[in-house]
Amino acid sequence: MSERTSILVHGGTIVGPGGERRADLLVEDGRVAAVGPDLDAPRGALVLEAGGCYVSPGLVDLHTHLREPGGERAETVASGARAAALGGYSAVVAMPNTIPAIDSASMVRDVLALGAGALVEVAVAGAITKGRAGEQLAPLGEMAALGVRLFTDDGRGVQDARLLRSALEYAGDLEVVLAEHCEDEALAAGGQMHEGSWSSRLGIPGQPALAEEAMLARDIALVRLTGSPMHFLHLSTAGSLALLAAARAEGLPVTAEVTPHHLCLTDEEVASFDPVFKVNPPLRTAADIAALREACRSGLLDAVATDHAPHPVEAKEEPFDSAPPGMIGLETALSATWGALVETGALSPSACFSLLSWKPACIAGLDREGGHGGPLVPGAAAHVCVFDPTERFTVDPSRSASRSRNSPFAGRQLTGRVLHTLVAGEPVVVDGEAQR
Ligand code: DOR
């Protein structure tokens with residue numbers, strides 16, 4: 001914790017579920033002490049200028065690969081958390097596809113211990129099956145007892161419907177949420193990119209949209225059968241959105257996220273043969289992007305989540321067909337999403353922040369424990385993101401706090417930059433610089 005106890009965030013526009021208002025924000029002892037126009041800075045307070053900026057509850061990422069243990073050349077909990085803080089996040093959910101997988105209470109304890117010293121709050125998702133092998137259920141109850149709220153085999157979907165049915169039944173009893181990576185491995189087998197006109201032209205084997213949609217349809221049927229809630233990770237096709245809309249209309253307890261890269265980039269990028277554009281699910285078509293943006297606007301999609309997936313430089317320098325899938329994204333998520341949704345006029349600023357902050361906080365249960373996602377009212381935990389929507393910058397992965405460099409936005413201009421991030425009142429990022 002900083003030795004200062006008072007921070008004044010001065011001159012910004014505060015956003016939250018209730019809308020926007022011009023106001024200063026006074027933080028004392030880790031909490032919001034006052035919100036209002038022209039607040040005086042107490043003696044010795046740190047004053048953070050926020051003129052022309054949005055002052056949002058800290059962002060919450062439902063989908064972060066921190067790679068520790070086992071993948072420390074790509075990322076550590078500390079380096080990933082630093083990248084998250086620079087991106088305006090106050091909390092992230094660490095995915096369990098580490099080596100070994102986070103599939104037991106002891107693994108959960110180890111990663112939570114690593115997270116305890118990190119710049120942002122690190123929550124942990126547990127695996128649904130032992131070793132994410134899709135064969136036997138992991139001990140969901142003992143992980144839930146440690147506060148795990150989301151379970152996923154992400155990187156893979158649970159292929160065995162009977163096993164997933166059992167997992168959903170346990171999850172319902174435990175009041176936790178299963179999060180599915182929808183990919184039918186038989187349909188996707190061998191596919192390196194989206195199956196469509198670009199895969200044909202490039203001669204790269206494709207995976208069909210149906211690989212995602214078939215598993216999503218099956219999972220929605222299992223939610224109907226069990227009554228247990230389910231969250232769908234990184235949905236990427238217009239067909240998936242139609243399935244989700246029907247499930248919603250039926251009143252099924254389903255939530256879903258989209259990534260910034262699926263909102264911004266099409267499969268045409270793969271024409272460069274640059275493995276930085278290889279990701280799972282793959283980049284899709286312009287029609288899919290239009291449907292995903294419309295689903296953000298209509299509220300069908302609940303969250304934007306990064307799927308920050310760091311890989312070592314040499315792995316991403318392999319040929320396209322052998323390079324691992326994944327993209328880093330914590331530091332660019334808000335700017336990329338802003339460009340796709342706010343600058344295009346599809347969403348208001350507060351609707352954009354809702355997808356990145358309070359709605360994902362609620363899905364992860366982080367609104368309760370730790371008070372992420374605001375609203376920024378007196379007494380609330382001071383998790384804050386201050387975002388300047390006007391600053392233009394060129395993405396330079398060599399300056400990333402991540403240990404990896406695989407940003408699909410490298411060399412591109414984005415608009416809007418996180419200036420300051422507070423986590424429980426600690427100024428972890430000030431003027432765009434991480435403070436430790
Ligand atoms: O592209 C991806 N990379 N998709 C996933 O689901 C997993 C992730 C990873 O862990 O690298």
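In listed order, ligands and their atoms are each counted from 1. Every heavy atom of this structure was used, including side-chain atoms; hydrogens, water molecules and symmetry mates were not.
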Visitor: Does the separation of the ring centres of Trp338 and Phe387 fall below 6.0 angstrom?
Guide: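 Ring-ring flag for Trp338/Phe387: true, centres closer than 6.0 Å.
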Visitor: Tell me the contacting part of Leu233 for ligand 1: side chain, backbone, both, or neither, using a 4.0 Å heavy-atom threshold, strictly below.
Guide: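 Neither; no heavy atom under 4.0 Å.
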Visitor: Do His181 and His234 have their ring centres less than 6.0 Å from each other?
Guide: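 Yes, they do, as the ring centres are separated by less than 6.0 Å.
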Visitor: For atom 1 (O) of ligand 1, find the nearest protein heavy atom and state the residue, atom name and distance (0.1 Å precision).
Guide: Asn280 N, 2.9 Å
Visitor: Nearest to atom 3 (N) of ligand 1, what protein heavy atom do you find, and at what distance?
Guide: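 Looking only at protein heavy atoms, the one closest to atom 3 (N) of ligand 1 is Pro325 O, 3.1 Å.
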Visitor: Can a non-hydrogen atom of Pro324 be found less than 4.0 Å from any atom of ligand 1?
Guide: no
Visitor: As a test of understanding, state which of Val111, Val124, Thr98, Val92 forms a side-chain contact (heavy atoms from CB on, under 4.5 Å) with Leu66.
Guide: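 Filter result, single survivor: Val92.
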Visitor: When only distance counts, is Val279 in polar contact with ligand 1, meaning an N/O pair under 3.5 Å?
Guide: no
Visitor: Taking Asp160 for its side chain and Leu163 for its backbone only, find out whether a donor-acceptor pair lies under 3.5 Å.
Guide: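 It does hold such a pair.
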Visitor: Show the atoms of ligand 1 that are less than 4.0 angstrom away from any heavy atom in Ala309.
Guide: 3 (N), 8 (C), 9 (C), 11 (O)
Visitor: Backbone or side chain, does any N or O of Pro281 fall under 3.5 Å from an N or O of ligand 1?
Guide: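 No, no N or O pair falls under 3.5 Å.
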Visitor: Among all the protein's non-hydrogen atoms, which is closest to atom 9 (C) of ligand 1, and how far away is it?
Guide: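 The closest heavy atom on the protein side is Arg67 NH2, 3.3 Å.
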Visitor: Counting only heavy atoms closer than 4.0 Å, does ligand 1 sit against the backbone of His261, its side chain, both, or neither?
Guide: neither
Visitor: Between Lys130 and Glu135 (salt bridge meaning N to carboxylate O under 4.0 Å), is one present in this structure?
Guide: no
Visitor: Could you check whether Glu269 pairs with Arg412 (Lys NZ or Arg NE/NH1/NH2 to Asp/Glu carboxylate O, under 4.0 Å)?
Guide: yes
Visitor: Of the backbone atoms (N, CA, C, O) and the side-chain heavy atoms from C-beta on, which set of Met95 has a member under 4.0 Å from an atom of ligand 1: side chain, backbone, both, or neither?
Guide: neither
Visitor: Below 4.0 angstrom, N of the basic side chain to O of the carboxylate: do Arg218 and Glu180 qualify?
Guide: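 The answer is yes: the pair qualifies as a salt bridge.
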Visitor: Step through it carefully: locate the ring centre of His308, locate the ring centre of His65, and say whether they are under 6.0 Å apart.
Guide: no
Visitor: Tell me the closest heavy-atom pair linking Asn406 and Gly326, and the distance in Å.
Guide: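 The answer is ND2-O, 3.1 Å.
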Visitor: Give the contacting part of Met327 toward ligand 1: side chain, backbone, both or neither, where contact means a heavy-atom distance below 4.0 Å.
Guide: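 Contact part for Met327 vs ligand 1: neither.
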Visitor: Could you check Arg284 against Glu212 for salt bridge (Lys or Arg N to Asp or Glu O under 4.0 Å), going step by step and ending with a plain yes or no?
Guide: CA-CA 12 Å; Arg284 305 286 189 184; Glu212 175 173 307; 3.5 Å; yes
Visitor: Should you measure from each heavy atom of His234, which atoms of ligand 1 turn up under 4.0 Å away?
Guide: 6 (O)
Visitor: Return the residue, atom name and 0.1 Å-rounded distance of the protein heavy atom closest to atom 10 (O) of ligand 1.
Guide: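 The closest heavy atom on the protein side is Asn97 ND2, 2.8 Å.
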Visitor: Output the list of atoms in ligand 1 that are nearer than 4.0 Å to some heavy atom of His311, sorted by atom number.
Guide: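 Here the atoms of ligand 1 in question are 11 (O).
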Visitor: Please confirm whether His308 approaches ligand 1 to less than 4.0 Å, judged on its heavy atoms.
Guide: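 For ligand 1, residue contact (heavy atoms, under 4.0 Å) with His308 is absent.
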